[in-house]
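Report on one structure; see the data block that follows.
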Amino acid sequence: MIKIEGLHKSFGDLHVLKGVDFEAEKGEVVVIIGPSGMGKSTFLRCINFIEKPQKGVLTIDNVCVNAQSCTEKEIKQLRLKTSMVFQNYNIFKNKTVLENVMLPMIAVQKMEKEKAKEKALQLLEQVELLDKVNEYPSRLSGGQQQRVGIARAMAVEPEVILLDEPTSSLDPELVTGILDVLRKLAREHKRTMLIVTHEMRFAQEVADRVLFMDEGVIIEEGTPEKIFSNPSQERTKRFLEQLQ
């Protein structure tokens, strides 16, 4: 469903991704953990070419892109297979909650306005924001803004949803609400999700598979039970011990 082969990304002399190989099945929830600054967010951003990798082959569904020879058309086709939820929300301040969620359906999918509105309202009900449809982001809490971002990502029914530390900008009391929303969406929508997070309890509860990344490569992967209870790599063990 999603396959990544030999993904490399550098920023100047800094080699961030060093040949990452990765596969996920349709509907699989994969959580990526590891130390800060070791390539997790860059990995997500390369999947939909927010950051252009120098090297690698990326396949999502029936779209295959070679980073060294791809065209703008191929990149656009790949992007249409994904949606991204950012840690700093990235919603439009000059649009209401409803308009933010409707926008990708109208602009990208060319959906009729009334149909987009109906679907947006359904999604906002799922993220418990129906009472905020006409509010602007400035009148929302951080947790509510992140829910708008999640609803907007779901709106275009992507094959893959990429979530880059979706709770890192939130006050601790708001984190639980967002994690509950993500659990619910993962369970009900069966979307393939790649989630970078520092919330280890959430990773244990929601993931089908956990990846541990360090220094630009995937060091270890397995079920949550295996990774958190019996990791095989010393670097994984040290990382988890530091969190206790």
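This structure is a prediction, so every number in the text was calculated from the model and none was measured. In what follows, residues are counted from 1 in the order of the sequence shown.
Under the rule for a side-chain hydrogen bond (donor to acceptor under 3.5 Å, both in side chains), the partners of Lys26 that lie at least two apart in sequence or sit in another chain are Glu159.
Ionic pairing of Lys184 and Glu128 is not present here: no N-O contact between side-chain nitrogen and carboxylate oxygen is shorter than 4.0 angstrom.
The shortest side-chain heavy-atom distance between Phe202 and Arg183 falls under the 4.5 Å cut-off. Val101 places a side-chain heavy atom less than 4.5 Å from the side chain of Val148. Phe86 places none of its side-chain heavy atoms less than 4.5 Å from the side chain of Leu44. Gln68 places none of its side-chain heavy atoms less than 4.5 Å from the side chain of Gln54. Using a 4.5 Å heavy-atom cutoff, the side chains of Phe92 and Arg152 are in contact. Between Glu74 and Val63 the shortest side-chain heavy-atom distance does not fall below 4.5 Å. Counting heavy atoms from C-beta on, the side chains of Leu182 and Val206 never come closer than 4.5 Å. Side-chain contact between Val160 and Met1 is present, with at least one heavy-atom pair separated by less than 4.5 Å.
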Q) Yes or no on side-chain contact (heavy atoms from CB on, under 4.5 Å) for Met105 and Lys117, after CA distance, side-chain angles and deciding distance? A) CA-CA 9 Å; Met105 293 184 276; Lys117 181 179 179 180; over 6 Å; no
Q) So Thr96 and Val133, side-chain contact (heavy atoms from CB on, under 4.5 Å) or not? Walk me through it. A) CA-CA 7 Å; Thr96 66; Val133 293; over 6 Å; no
Q: Any chance you could lay out the side-chain contact (heavy atoms from CB on, under 4.5 Å) test for Ile178 and Ile150, step after step, and finish with the verdict?
A: CA-CA 9 Å; Ile178 292 299; Ile150 292 167; 4.1 Å; yes
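The environment of CD in Glu125 is sparse: at most 12 heavy-atom neighbours from other residues, nucleotides or ligands sit within 6.0 Å. Glu205 CD: more than 12 foreign heavy atoms inside a 6.0 Å radius. The 12-atom threshold is exceeded at NZ of Lys18, counting heavy atoms of other residues, nucleotides or ligands nearer than 6.0 Å. Applying the 6.0 Å contact sphere to NZ of Lys93 captures more than 12 heavy atoms from other residues, nucleotides or ligands. Heavy-atom neighbours of Gln109 CD from other residues, nucleotides or ligands within 6.0 Å: above the threshold of 12.
Rounding to the nearest 0.5 Å places CZ of Phe228 at 10.0 Å from OG1 of Thr223.
Ring geometry, His15 versus His8: the interplanar angle falls under 30°, so the pair is classed parallel (tilted spans 30 to 60°).
Just one of Val127, Val85, Val175 meets the side-chain contact (heavy atoms from CB on, under 4.5 Å) condition when paired with Gln146; it is Val85. Applying the side-chain contact (heavy atoms from CB on, under 4.5 Å) test between Leu194 and each of Val29, Asp164, Ile47, Val31 identifies Ile47 as the sole match. Screening Thr236, Ile32, Leu240 for a side-chain contact (heavy atoms from CB on, under 4.5 Å) with Phe212, the sole residue that qualifies is Thr236.
Between Gly6 and Asp21, the shortest heavy-atom contact is N-OD1, 2.7 Å. For the pair Ala151 and Leu123, the tightest heavy-atom approach, listed with the atom from each and the gap, is O-CD1, 3.6 Å. The two residues Ala207 and Pro224 come nearest to each other via the heavy atoms O-CG, 3.3 Å.
Within the structure, every pair that satisfies the salt bridge (charged side-chain N to carboxylate O under 4.0 Å, His left out) test and touches residues 217-244, not counting sequence neighbours, is listed here: Arg209-Glu221, Asp214-Arg235, Glu215-Arg235, Glu220-Lys226.
No chain of hydrophobic side-chain contacts below 4.5 Å, direct or via other Ile, Leu, Val, Met, Phe, Trp or Tyr residues, connects Met38 to Met200.
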